[in-house]
Amino acid sequence: MTDETALLSPSAVGPERPAAEGGGRSRPGQAWRSRRYRWDLRWSPYAFVAPFFLFFAAFGLFPLLYTGWAALHQVELTDPDSMTWVGLRNFTRLWDDEFFWNALRNTVTIGLLSTVPQLAIALGLAHLLNYRLRGSAFFRVAVLTPYATSVAAATLVFVLLFGRDYGMVNWALSAVGFEAVDWQNGTFASQLAVSTIVIWRWTGYNALIYLAAMQAVPGELYESAALDGASRFQQFLHVTVPSLRPTIFFTCVVSTIGATQLFGEPLLFNGGAGATGGSDHQFQTLGLYLYEQGWVNLHLGRASAIAWAMFLILLLIAGAARLLRGRKDSR
Amino acid sequence: MRSLRAGRFTYVVLALFTAGSLFPLVWTAIAASRSNTRLAQTPPPFWFGGNLGRNLQLAWTDANMGTALLNTVIVAGTVAAGTVFFSTLAGFAFAKLRFRGSRPLLALVIGTMLIPPQLSVVPLYMLIAKLSWTDRLQAVILPTLVGAFGVFFMRQYLVHALPMELVEAARTDGASSLRVLWHVVFPAARPAMAVLGMLTFVMAWNDFFWPIVALTQNGSPTVQVALTGLGRGYIPDQSVIMAGALLGTLPLLLVFLLFGRQIVGGIMQGAVKG
């Protein structure tokens, strides 16, 4: 009981005070009201947070656990109600499945190709936006605009821009003397093209997050660095970047999670040819492979196994990041 | 904050970035105003042609864009309203009310952000199939009606924006929690609610993975799903596809044109107050 009263906010004392000051007249109506009042104080916080947890339980937690259960069964999309226990077979098959490893490899390469340049560009862009600018509001909104475009619309445009024969990118390349690139069928080329869509959509968003963090860096740090004779670039390197380390870490985590889930871009970059991720699966990601197994080949059990594999990979990355961060902090 | 004046170089680079950000959108409109044959020629068109009306009309009928847009407005609107309402409730509780277990519960909320949606997609599909919700809008609305991001966002805002004295004063006057919510919290939270509403609207409008699983093109799709069904012929008409992409993007661009500053402010606010 003691810690419960301690948990109550100071305002909890409020209602009792007027009652006491009122000469101790405790009519039954007042007593009931004050009891209802205390009841309200204690329980309404739970009522306020309940919707989130109810929805999460129904549409987040239950499916999460059930995916693990379904991964141990053979389930077909055509008849989701009949499940046959197969133990770990979905997982062992995945282990021997070259398309799974291919998709995993692609996810890693496309993830790196999109995340690393995206965050580096965003950092530089934020640095520029941090200057005293005329029309700064315009620039901020303009670089964020791609964020308002959907995966579907953006990918369809880029498919056209990256067209082999008549696409603008190849036209521009040939104009400056390069050979045309087969952006859809080349392995590296297609992965680069898919990454470009991701970079285009998310760089401005990340730049704004960096910009917010930059504006929180105390100006004295720059002043003393300037006094020490640091150039603008050195200030950026030795003051801005270190101050931004938590934010950079945060954006790395978010982008990594986003990269493991990459789905719409590789699905639609295929020009309506299905979920294979190119004629030779050259840009099929794990997210797309999951979709192909579940909703094209109708194997929901195997799709669940892929989902859990993705989750385990994320946990591995998170663990590695934690180790890395821990070591840096202890230095 | 330091305020070094930007040099000419900064403006040039920023102008290039701006051009890169806007170019694909402008070019969508250019391509949508041309014909398929013109798009299959080099050099690609750089200016508008005269086919915009025809292409928009074809996209409209071909992919049932009218229904799809209406569906998307319903979905994004409901999800935004629900997220704003429930997030404000939970954000207020986490920011200003003390209750047993509030810290671990908040940690749990943030933790749920790390769960990839793919992990729930199979059972979620089985669930909506069992409820016969496939192709119905509640299948995409309900699972996204509340999100951890919104709760976190509102909490961060209310921690600073809502003075505890205000809540206490209302309490001393004998106001119940609901009255406090209505007369104190909602007015104080209004700016953040607006921003969260817009951010959620944009996210819900653009959502792709779950809608394409739950809604087929022939049922009642959202714009994003309808787009994937465009130009499915033997030789897909790219100009019509671009017209469809334009239709699906234009409403959001309008939102951006009107509220861009606030959205930028919201994203930056959500980023710092950690």
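The structure displayed is predicted, hence computed values, not measured ones. Letters go in sequence order (proteins before strands), and every chain restarts at 1.
Proximity to chain A involves both the backbone and the side chain of Val109(B), based on heavy atoms less than 4.5 angstrom apart. Contacts of Val180(B) with chain A are absent, with no heavy-atom separation under 4.5 Å from either backbone or side chain. With a threshold of 4.5 angstrom between heavy atoms, Leu253(B) approaches chain A through side-chain atoms but not through N, CA, C or O. Of the atoms belonging to Phe23(B), it is side-chain heavy atoms, and not backbone ones, that fall under 4.5 Å from chain A. Proximity to chain A is limited to the side chain of Leu145(B), based on heavy atoms less than 4.5 angstrom apart. Looking at Leu105(B), the atoms closer than 4.5 Å to chain A (heavy atoms on both sides) sit in the backbone and in the side chain alike. Heavy-atom distances place no part of Ala169(B) under 4.5 Å from chain A, backbone and side chain included. Within the 4.5 angstrom heavy-atom criterion, atoms from both the backbone and the side chain of Leu64(A) approach chain B. Using a 4.5 Å cut-off between heavy atoms, Leu247(B) makes no contact with chain A at all. Heavy-atom distances place both the backbone and the side chain of Met168(A) under 4.5 Å from chain B. Only the side chain of Leu314(A) comes within contact range of chain B, judged by heavy atoms closer than 4.5 Å. No part of Phe85(B) comes within reach of chain A, as not one of its non-hydrogen atoms sits under 4.5 angstrom from that chain. Using a 4.5 Å cut-off between heavy atoms, Ser177(B) touches chain A through backbone and side chain atoms alike. Looking at Leu142(B), both its backbone and its side chain come within 4.5 Å of chain A, counting heavy atoms on both sides. For Trp27(B), the part sitting under 4.5 Å from any heavy atom of chain A is the side chain, from C-beta outward, and nothing else. Only the side chain of Val151(B) comes within less than 4.5 Å of a heavy atom in chain A; its backbone stays farther off. For Ala175(B), the part lying under 4.5 angstrom from a heavy atom of chain A is the backbone only. Heavy atoms of Val75(A) lying under 4.5 Å from chain B belong exclusively to its side chain. Asp40(A) touches chain B through backbone and side chain together, each having a heavy atom under 4.5 Å away.
A side-chain donor-acceptor contact under 3.5 Å links Gln118(B) to the backbone of Gln261(A). Side-chain atoms of Trp205(B) never come within 3.5 Å of backbone atoms of Ser150(A) as a donor-acceptor pair (strictly under, hydrogens ignored). Not a single donor-acceptor pair under 3.5 Å links the side chain of Tyr46(A) to the backbone N or O of Phe99(B). Without hydrogens or angle criteria, Trp308(A) side chain to Leu119(B) main chain gives no donor-acceptor distance under 3.5 Å.
Ranked by heavy-atom pairs shorter than 4.5 Å toward chain B, the options Thr145(A), Leu290(A), Leu65(A) are led by Thr145(A). For chain B, the option among Leu61(A), Val143(A), Val254(A), Leu144(A) with the highest count of heavy-atom pairs below 4.5 Å is Leu144(A). Of the residues considered (Phe138(A), Trp43(A), Trp171(A), Phe53(A)), Trp171(A) shows the highest number of contacts with chain B, using heavy-atom pairs under 4.5 Å. Taking Leu161(A), Asp165(A), Ile257(A) one by one and counting their heavy-atom pairs under 4.5 Å with chain B, the maximum is reached by Leu161(A). Put simply, of Ser304(A), Ala148(A), Gly204(A), Ala153(A), the one with the most heavy-atom pairs under 4.5 Å next to chain B is Ala148(A). Ranked by heavy-atom pairs shorter than 4.5 Å toward chain A, the options Pro44(B), Ala93(B), Ala31(B), Ala245(B) are led by Pro44(B).
Between Thr18(B) and Ala142(A), the closest heavy-atom pair is CG2-CB, 3.4 Å. Across Gly260(B) and Val141(A), no two heavy atoms sit closer than the pair C-CG2, 3.7 Å. Residue Met268(B) comes nearest to Leu208(A) through the heavy atom pair CG-O, 3.5 Å, listed as atom of the first residue, atom of the second, then distance. Closest approach of Ala152(A) and Leu227(B) over heavy atoms only: CB-CD1, 3.8 Å.
Around the CZ atom of Phe62(A), the shell of radius 6.0 Å holds more than 12 heavy atoms that belong to other residues, nucleotides or ligands. Surrounding CZ of Phe9(B) are at most 12 heavy atoms belonging to other residues, nucleotides or ligands under 6.0 Å away.
Between Ile267(B) and Ile209(A), the closest side-chain pair of non-hydrogen atoms falls below 4.5 Å. Residues Tyr147(A) and Leu252(B) have side chains not in contact (no heavy-atom distance under 4.5 Å, counting atoms from C-beta outward). Looking only at side-chain heavy atoms (C-beta outward), Val151(A) and Gln224(B) stay at 4.5 Å or farther from each other. Considering only heavy atoms from C-beta on, Leu14(B) comes within 4.5 Å of Leu125(A) through its side chain. Side-chain contact between Pro24(B) and Phe158(A): present, with at least one pair of heavy atoms (C-beta onward) separated by less than 4.5 Å.
In this structure, CZ in Phe52(A) is found 4.0 Å from OG1 in Thr112(B), a value given to the nearest 0.5 Å. Taken from OG1 in Thr88(B) to CZ in Phe48(A), the straight-line distance is 11.0 Å, to the nearest 0.5 Å. Between the OG atom of Ser120(B) and the OH atom of Tyr66(A) there is a distance of 14.0 Å, given to the nearest 0.5 Å. Interatomic distance, CG of Leu230(B) versus CG of Leu156(A), reported as 8.0 Å (0.5 Å rounding). To the nearest 0.5 Å, the span separating CZ on Arg42(A) from CG on Leu97(B) amounts to 14.0 Å. Ile212(B) CD1 to Leu267(A) CG: the interatomic distance, rounded to the nearest 0.5 Å, is 5.5 Å.
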What's the verdict on side chain to side chain contact (heavy atoms under 4.5 Å, CB included) for Tyr11(B) and Tyr131(A), showing C-alpha distance, side-chain angles and the deciding distance? CA-CA 10 Å; Tyr11(B) 282 104; Tyr131(A) 283 124; over 6 Å; no
Set out, in order, the CA-CA distance, both residues' side-chain angles and the distance that settles side chain to side chain contact (heavy atoms under 4.5 Å, CB included) for Gln238(B) and Val159(A), then state yes or no. CA-CA 10 Å; Gln238(B) 299 293 350; Val159(A) 167; 5.5 Å; no
Using side chain to side chain contact (heavy atoms under 4.5 Å, CB included), reason through Phe56(A) and Val146(B) one step at a time and then give a plain yes or no. CA-CA 8 Å; Phe56(A) 171 66; Val146(B) 215; over 6 Å; no
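Ring geometry for Trp295(A) against Tyr125(B) counts as perpendicular: the plane angle is over 60°, on a 0 to 90° scale with 30° as the lower cut. The aromatic rings of Phe55(A) and Phe86(B) sit tilted, their planes meeting at an angle between 30° and 60°.
Outside the 6.0 Å centre-distance limit, the rings of Phe59(A) and Trp210(B) are not counted as a close aromatic pair.
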